[in-house]
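Lettering follows sequence order; numbering is per chain, from 1.
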Amino acid sequence: MKAGKRIIGQMSLAGLDEWSSVRAVKGADVFCNQGGKVRREWLSRCTEERALTKELMGKIVSPSNLVAALRQVVSNKGSAGIDGMSVEELRQWFSSHYHEFQSQIITGKYRVESVREVQIPKPNGGVRILGIPTAKDRLVQQAISQVLSLHYDPTFSDRSYGFRPDRGAHDALRQAGQEVSEGRDWIVDIDLEKFFDTVNHDRLMWLLGTRIGDKTLLKLIGKFLRAGMLKDGLVSQGVKGMPQGSPLSPLLSNIILDELDKELEVRGHRFVRYADDLIVMVKSEPSAKRVLSSLTAFIEQRMLLKVNKSKSKISRPYELNFLGHSILIEGRLGLSKTSEQRLKAKLKQLTQRNRGISLEQLVKELNPILRGWLNYFKNAQMIGRLKAIEGWLNRRIRCFRLKQCKRAFTMAKLLHRLGVPWNRSWATAGISKGWYRLSVTPAAHEAMNLKWFGTIGLYSLKENYVKHLKKPPSTTHVRWVV
DNA sequence: CACGTCTTGAC
RNA sequence: UUUGUCAAGACGUG
């Protein structure tokens, strides 16, 4: 469903009388940069479509949709909700209770259960509250999400990038960089305060009602919104907010914030939105200030959401932290300070002294992490930063290897085996100044040099980074097929 | 091209 | 222990 061909909507093409199904194909050859225009034109026609009122429930409970939803929920391998049913048990349950399940949804008899509260630490240090629905409920929500997404997503703004099929953080960053390169280098950074918790139920339900005609579906979504949170035996129900951790929440958040996109569009602003992270790019400081205050008013008064005034600010591109990146004045991307710190913290943990694992196993654990990290940040301008990070990591690995020698004798043997003369091997192995001091000693550098790092097979950030730089900038082409 | 396993990142 | 959506990469089975 995700890769390759997928029917994403319907349109009437110029010159054709009948409605034709349209497919978007990734990896073909036309409309690369101009594709946005074509897409936008098509989008405005899609809003006239009234299909949302018809056959929605039928699509949701159709065998193919439910099976696809089940596959997704199972492959996520998420933990059980309040009823203790695991995703593997869900698979069993689904095949035996299929028809009963289906009719419960259609008739509106389906019971939604409370969500299980789980607290997880946020990367910045705070605590994030998750509401984990039952595996069954996750299945229903996933099924709804898949169908609603087909109808809603084509009508969303071209400048909205979060949680949407065929759009990622890289696309958002590319657009932000484009705007900055055109001289819009004053950034209005809007931070919505705990967005998921402040969503107004009545307003969301009204919004959904404008496009969804099916009352039982609306009621079902309403049940999910009002599902209580179970915390040690007590259920607490809120009149606002939606559970973070339910499959429907990302789509609903886009449905709500689409209103903001539309307002920004009629005002003619250049903006990029990724979920609740919004930046507006303007050409001067005074207009940035104007935009910040007027948007704050719009969001709080019209949309009934809250703007975090201490975190919302106007900033320059190079001091920005948008999706882990900063932006340079020419519009190219940089690596944000916090992104570097997070990587180092993670590597530090993995290369810690304790772990009774072999060097081979350490490299095996390190490589996929380094590869994955670089893959996300490869578009940033960061040769110098990578050199520093890699030098730091190599020191830690030398340290790790030396620490595996419990006795001075085994260390001297190691150094000698790696090409250091016996006398110097003995001399450095005899130093009892601590592992760090030993790791920066000339003999250690000589033994564990670049060649050695090549032989242990450690993924090199710098090497692979420059390799990616040489490659063509991988443009995503979209071809329209009728 | 399809289906899996794993990793990273954004929110 | 930790939910969710999305994107990207690596590997594997045909």
Side-chain angles (χ1 to χ4, degrees), chain A residues 1-5 25-27 68-69 71-82 87 115-124 127-135 137-139 141-142 144-146 148-149 152-153 156 160-174 176 191-192 194-196 224 227 229 242-255 257 272-278 321-325 335-336 338-339 342-343 346-347 350 364-380 459 461 464 467-468 471 474 476:
Chain A
M1 166 215 141
K2 48 184 56 177
K5 284 153 288 192
V25 182
K26 216 171 168 182
R71 187 206 288 137
Q72 173 74 3
V73 171
V74 169
S75 77
N76 279 346
K77 296 194 287 194
S79 64
I82 203 68
V87 289
V115 294
R116 182 164 62 91
E117 182 185 293
V118 166
Q119 311 221 1
I120 56 159
K122 279 195 285 190
N124 91 43
V127 176
R128 166 180 297 249
I129 312 273
L130 293 182
I132 300 173
T134 299
D137 287 343
R138 293 207 294 267
L139 173 60
Q141 292 194 49
Q142 179 64 30
I144 295 171
S145 173
Q146 284 168 357
L148 286 191
S149 177
Y152 272 98
D153 195 77
F156 286 155
S160 163
Y161 291 91
F163 306 139
R164 294 185 56 189
D166 299 331
R167 284 160 168 260
H170 287 109
D171 303 310
L173 285 162
R174 197 189 317 159
D191 182 88
L192 296 176
K194 41 189 175 46
F195 167 72
F196 278 91
F224 282 121
M229 182 106 86
M242 48 185 175
Q244 302 189 58
S246 80
L248 207 50
S249 294
L251 177 63
L252 293 181
S253 77
N254 272 337
I255 289 173
L257 292 173
V272 175
R273 184 173 70 78
Y274 193 99
D276 58 351
D277 206 343
L278 170 73
N321 183 2
F322 183 61
L323 307 179
H325 295 258
L335 178 65
S336 86
T338 53
S339 301
R342 276 183 205 169
L343 174 67
K346 189 158 201 169
L347 295 176
L350 280 167
K364 216 173 174 176
E365 284 177 24
L366 241 32
N367 281 356
I369 294 172
L370 293 168
R371 184 198 311 277
W373 186 89
L374 180 67
N375 181 249
Y376 180 72
F377 289 105
K378 65 182 174 216
N379 294 328
Y459 183 87
L461 288 176
N464 288 279
K467 209 181 283 179
H468 279 297
K471 284 185 178 176
S474 79
T476 57

When rounded to whole Å, the CZ to P distance for the pair A:Arg128 and C:U1 reads 19 Å

Measure the CG-CG distance between A:Leu192 and A:Leu257 for me, rounded to the nearest 0.5 Å.
-> 6.5 Å

Distance from A:Leu130 atom CG to A:Gln119 atom CD, nearest 0.5 Å?
-> 9.0 Å

A:Phe377 side-chain proximity, nearest of C:G9, C:U3, B:dG9 | B:dG9

Reckon A:Gln244 has a side-chain N or O less than 4.0 Å from the OP1 or OP2 of C:U5?
-> no

Look at the side-chain N and O atoms of A:Ser249 and state whether any lies under 4.0 Å from the OP1 or OP2 oxygen of C:G4.
-> no

Using both distances under 3.5 Å as the test, list the Watson-Crick or G-U wobble partner of B:dA2, or none.
-> C:U13

Applying a 3.5 Å limit to both distances, which nucleotide forms a Watson-Crick or G-U wobble pair with B:dG9?
-> C:C6

Nearest listed nucleotide, side chain of A:Arg71, among C:G4, B:dG4, B:dC11 = B:dG4

So does A:Arg342 get a side-chain nitrogen or oxygen closer than 4.0 Å to the phosphate oxygens (OP1/OP2) of B:dA10?
-> yes

Starting at CG of A:Asn375 and ending at P of C:A10, how long is that distance when rounded to a whole Å?
-> 7 Å

Check whether any side-chain N or O of A:Lys346 sits under 4.0 Å from OP1 or OP2 of B:dT8, and answer yes or no.
-> yes

Using only side-chain N and O atoms of A:Ser246, determine if any of them is under 4.0 Å from OP1 or OP2 of C:G4.
-> no

Sticking with atom C1', work out how far B:dG4 lies from C:U3, rounded to a whole angstrom.
-> 23 Å

Quick note, A:Ala275 side chain, CB onward, closest among B:dC11, C:G4, C:U3 is B:dC11

May I ask you to evaluate whether A:Gln72 reaches the phosphate of C:C6, defined as a side-chain N or O under 4.0 Å from OP1 or OP2?
-> yes

Run the ring-centre check on A:Tyr161 versus A:His170 and record whether the distance is less than 6.0 Å.
-> no

Using atom NZ of A:Lys122 as one end and atom P of C:U2 as the other, report the distance to the nearest whole Å.
-> 19 Å

When the distance from CG of A:Asn76 to C1' of B:dG4 is rounded to whole Å, what number comes out?
-> 15 Å

Atom CG of A:Asn254 to atom P of C:G4: distance rounded to whole Å?
-> 18 Å

Between C:U2 and A:Arg116, is there an OP1 or OP2 to side-chain N/O distance shorter than 4.0 Å?
-> yes

Round to the nearest Å and state the distance from A:Lys364 atom NZ to B:dT7 atom P.
-> 13 Å

Quick one: is C:U5 close enough that its OP1 or OP2 comes under 4.0 Å of any side-chain N or O from A:Gln146?
-> no

Closest listed nucleotide, where the reference is the side chain of A:Asp276 and the choices are C:G4, B:dT8, B:dC11 | B:dC11

Rounded to the nearest angstrom, tell me the gap between atom CZ in A:Arg164 and atom P in B:dA10.
-> 21 Å

Find out whether A:Ser79 and A:Arg116 are in side-chain contact, i.e. whether some heavy atom of one side chain is under 4.5 Å from a heavy atom of the other.
-> yes

Length of the line joining A:Tyr274:OH and C:G4:P, which is rounded to integer Å | 16 Å

